[in-house]
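When reading the values below, keep in mind they use all heavy atoms of this one structure, side chains included, and skip hydrogens, waters and symmetry mates. Just so you know, residue 1 is the first one in the sequence shown, and it goes up from there.
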Amino acid sequence: MRISPPVSTLAAAFALLVLPAALSAQTAPSAPAASRPPGCRGTNSSTSSVSLGRENAPPVVFSSYAEIEEVQPGSPAEKAGFRRGDKVILQNGRDLVANPPPPALAGDTVVFTVDRNGTEVPLTVVMGRWDPPQQAEGVTRICRPLAAGPD
């Protein structure tokens, strides 16, 4: 008489066959990174730093978190709920001062955590694209949602 394998063994074999394909489908970007421009969220912010001098060595510089000074109307940041005075502390769970993440590309979905009056608030942004793509003297760049065209 032949003994069938336990159900758990079959489930494990099935998971090993199906899981890698499912994971790669979830983590694949919507378009190749090489074809997507750098992303923008549509805010102007400022940072400060403190520099501590040392004898016979370069100074040690401690940067602060960026504080939002302005949110562009119609930008991905406005749609996500950014406000003037928010301090941006995390991007996708990574500390922006101690462990900065790689730059996000247009179309990436990014979760920022801001400090808003002592409360941490998560804000999800689909990164936009700059219009015009390159900065030029006398030209104002606008961060537009990815699906939006020029006005």
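Of all non-hydrogen atoms in K79 and G74, the two that sit nearest each other are CE-O, 3.7 Å. Closest of all the heavy-atom pairs between R83 and D86 is N-OD2, 2.9 Å. For the residue pair W130 and G39, the shortest heavy atom distance occurs at NE1-O, 4.3 Å.
With rounding to the nearest 0.5 angstrom, the NZ atom of K87 is 11.5 Å from the OG1 atom of T47. Note that CD of E67 and CG of D115 are 9.5 Å apart. Values are rounded to the nearest 0.5 Å. Between C40 atom SG and R144 atom CZ the span is 10.0 Å, to the nearest 0.5 Å. Distance check, rounded to the nearest 0.5 Å: CG of N92 to OG1 of T113 gives 9.0 Å.
A 6.0 Å sphere centred on CZ of R141 holds more than 12 heavy atoms belonging to other residues, nucleotides or ligands. No more than 12 heavy-atom neighbours from other residues, nucleotides or ligands sit within 6.0 angstrom of CG on N117.
Formation of a donor-acceptor pair under 3.5 Å by the Q72 side chain with backbone atoms of C143 is found in this model. Between the S48 side chain and the S64 main chain, no donor and acceptor come within less than 3.5 Å of each other. Judged purely by atom type and a 3.5 angstrom limit, R36 uses its side chain to pair as donor or acceptor with the backbone of A106. In this structure, the side chain of D95 does not engage the main chain of L90 through any donor-acceptor pair within 3.5 Å.
Cluster membership for V50 and V61, using ILVMFWY side-chain heavy atoms within less than 4.5 angstrom, is not shared. No single ILVMFWY cluster, assembled from side-chain heavy atoms under 4.5 Å apart, contains both V126 and L105.
Residues E78 and S75 form a side-chain contact, since some pair of their non-hydrogen atoms from C-beta on lies under 4.5 Å apart. Side-chain contact between P102 and R94 is present, with heavy atoms from C-beta onward closer than 4.5 Å. Side-chain contact check for P59 versus R54: every heavy-atom pair is 4.5 Å or farther apart.
Other residues sharing the hydrophobic cluster of I142, ordered by chain and number and joined by side-chain separations under 4.5 Å: none, the residue standing alone. Residue F112 belongs to a hydrophobic cluster whose other members are I68, V71, F82, V88, L96, V110, V114, V121, L123, V125, M127, with links defined by side-chain heavy atoms closer than 4.5 Å.
Taking the side chain to side chain donor-acceptor pair (under 3.5 Å) definition, one finds that E69 meets it with S46, sequence neighbours left out.
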